[in-house]
Protein chains: 2
Amino acid sequence: MNSTHVGSSHPAHDLPKLTKNQGLVFDVLSAEAGPMTAYAILDALRSEGFKAPLQVYRALDKLVEFGIVHRLESLNAFVACSHPGCAQNETAAFAICERCGGVNEFTPEKAVECLQAWADGAGFAPSRTTIELRGTCRDCMAAA
Amino acid sequence: MNSTHVGSSHPAHDLPKLTKNQGLVFDVLSAEAGPMTAYAILDALRSEGFKAPLQVYRALDKLVEFGIVHRLESLNAFVACSHPGCAQNETAAFAICERCGGVNEFTPEKAVECLQAWADGAGFAPSRTTIELRGTCRDCMAAA
DNA sequence: CGTGTAAATGTTATATTATTACACATATAG
DNA sequence: CTATATGTGTAATAATATAACATTTACACG
C-alpha cells in the first residue's frame with residue numbers, strides 16, 4: 001500500500017517522504033495503466049475519505065514537483081512516471097494513443113538537445129518542456 | 001521575431017474562405033500580441049453579438065483545423081499562427097514566457113525529425129504533436 | 001521536553017474551461 | 001429547386017481548477 005519508492009538512484013534530490021495524501025494519490029496513479037484526471041483520482045479516493053478536488057490537486061502539485069508524476073497537458077490528466085528511479089531532471093515525452101488511450105513515456109534526448117539549441121540562440125531559459133505526440137499506437141494500427 | 005523558416009512545401013494560398021464567426025475570431029486573435037483564452041475572445045466579441053462560448057469554440061476548432069490558429073495546451077489558450085502563409089503541415093513549437101506571457105513560435109524541424117524517428121521505431125503514427133517550452137524570455141531575463 | 005514555524009490538511013464556495021442538446025439558418029452541389 | 005452539408009443561436013450543464021480561510025500535523029531548535 002505504501003509507496004515508499006526510495007530508489008535514491010538520483011543523488012541530486014532525494015525523494016522526500018510522501019505525506020498521507022500524496023501517498024494515496026501516488027498509489028492510485030501507479031496502479032492505473034493509463035492517465036487519470038484529477039476528478040477520477042478524487043473518486044478513487046472517496047473511500048479513503050477524500051471529499052474535495054483540492055485534496056487531489058495539492059498532492060498532484062507536489063508529486064509533479066518531485067518529478068514522479070507527469071501532467072499531460074493535452075489531456076488535462078496525470079500519469080505516474082514510468083521510469084524506475086525517475087530522473088526528474090530529464091524532459092519526458094509522451095505518445096498518446098487516441099484510439100486506446102494508452103500512453104507511452106520516453107526520453108527524447110536528441111530532440112531536447114535541438115530545442116535547447118534553439119532556446120540558447122533565442123536567449124530563452126526553459127524551465128519545463130512539454131512534448132506530447134497524439135496519434136495511433138502500433139497495436140491500434142494493427143487492429144485497424 | 002525569428003522562426004521565419006519557410007517550409008513552402010505546401011500548396012500556397014489554399015486558405016479556405018472563413019465564415020463570419022471564424023473571421024471575427026481570427027481577427028481578434030490576430031490583433032492580439034499574445035495568446036487569448038476562449039472566454040477572452042468571447043468577451044472581445046460581445047459587441048459583435050457573440051453570446052455563448054460555443055460560438056467561439058466552434059470557430060476555433062475550424063481555425064485550428066485550417067492551421068491558422070494554434071492551441072497552447074499548457075495554457076488552454078489560442079494564438080494566431082505567426083507564419084506568413086502558415087504552413088499547416090509543419091509542427092510548430094512555442095516558447096512561452098512565464099513572466100511576461102509572451103509567446104514565440106518556431107519550427108523545430110530537427111527536433112521533430114528526432115521525435116518522428118522515435119515514433120517510427122515504436123510503430124506510433126503521430127497525428128499532431130505538441131511542443132511547448134515554459135520559461136523566461138531574453139527580455140525578461142535581462143530585466144531580472 | 002515545550003514551543004514556534006512551515007507544511008499539510010479539511011471544507012466551502014467559486015472561477016475557469018469546454019461540451020451536449022436541440023432548433024434554425026445558410027450555402028452549395030446536383 | 002431541393003437535398004444535404006455546414007454553420008449559427010441559445011440554454012443548460014459538465015469538466016477542470018483555484019481562492020479563501022480554519023485547523024492540524026511535522027519537526028527543528030532552545
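Proteins come first, then strands; the chains are lettered A, B, ... in the order of their sequence lines, and each starts at number 1.
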Fill in: For atom CG of L60(A) and atom P of dA8(C), their distance in whole Å
14 Å

Item to complete: Name the orientation of the base relative to the sugar in dA5(D): syn if the glycosidic angle is within 90° of 0, else anti.
Response: syn

Practice prompt. For the helix from dC1(C)-dG30(D) to dA25(C)-dT6(D), figure out the bend between the end axes, five pairs an end, and round to 10 degrees.
Written response: 40°

Fill in: Check: S74(B) main-chain N/O paired with E132(B) side-chain donor or acceptor under 3.5 Å
yes

Worksheet entry | Which atom of F124(A) lies closest to which atom of I96(B), heavy atoms considered | CZ-O, 3.4 Å

Item to complete: Starting at atom CD of E73(A), determine the distance to atom P of dT17(C), rounded to an integer number of angstrom.
Response: 14 Å

Fill in: Closest heavy-atom pair and its distance - E98(B), S127(A)
OE1-OG, 3.4 Å

Just list the side-chain donor-acceptor pairs under 3.5 Å for residues 27-39 of chain B, sequence neighbours left out, or say none.
unit_1, atom_1, unit_2, atom_2, d
S30(B), OG, F26(B), O, 2.7
T37(B), OG1, A40(B), N, 3.0

Worksheet item: Could you state the NZ-P distance from K17(B) to dA27(C), rounded to the nearest angstrom?
Response: 8 Å

Worksheet item: Any chance the rings of F78(B) and H70(B) have centres within less than 6.0 Å?
Response: no

Worksheet, complete the sentence: Given protein heavy atoms under 4.0 Å, the one-letter contact record of nucleotides 8-18 of chain D, with B base, S sugar-phosphate only and - none, is simply BBB-----BBB

Worksheet item: Is R128(B) paired with E73(B) through a side-chain N to carboxylate O contact shorter than 4.0 Å?
Response: yes

Worksheet item: Can R58(B) and D61(B) be counted as an ion pair, charged N to O under 4.0 angstrom?
Response: no

Practice prompt. Provide, to the nearest angstrom, the distance between the CG atom belonging to L72(B) and the C1' atom belonging to dT17(C).
Written response: 15 Å

Practice prompt. Taking all heavy atoms of E105(A) and all of F94(A), pick out the closest pair and write down the distance.
Written response: CG-CE2, 3.6 Å

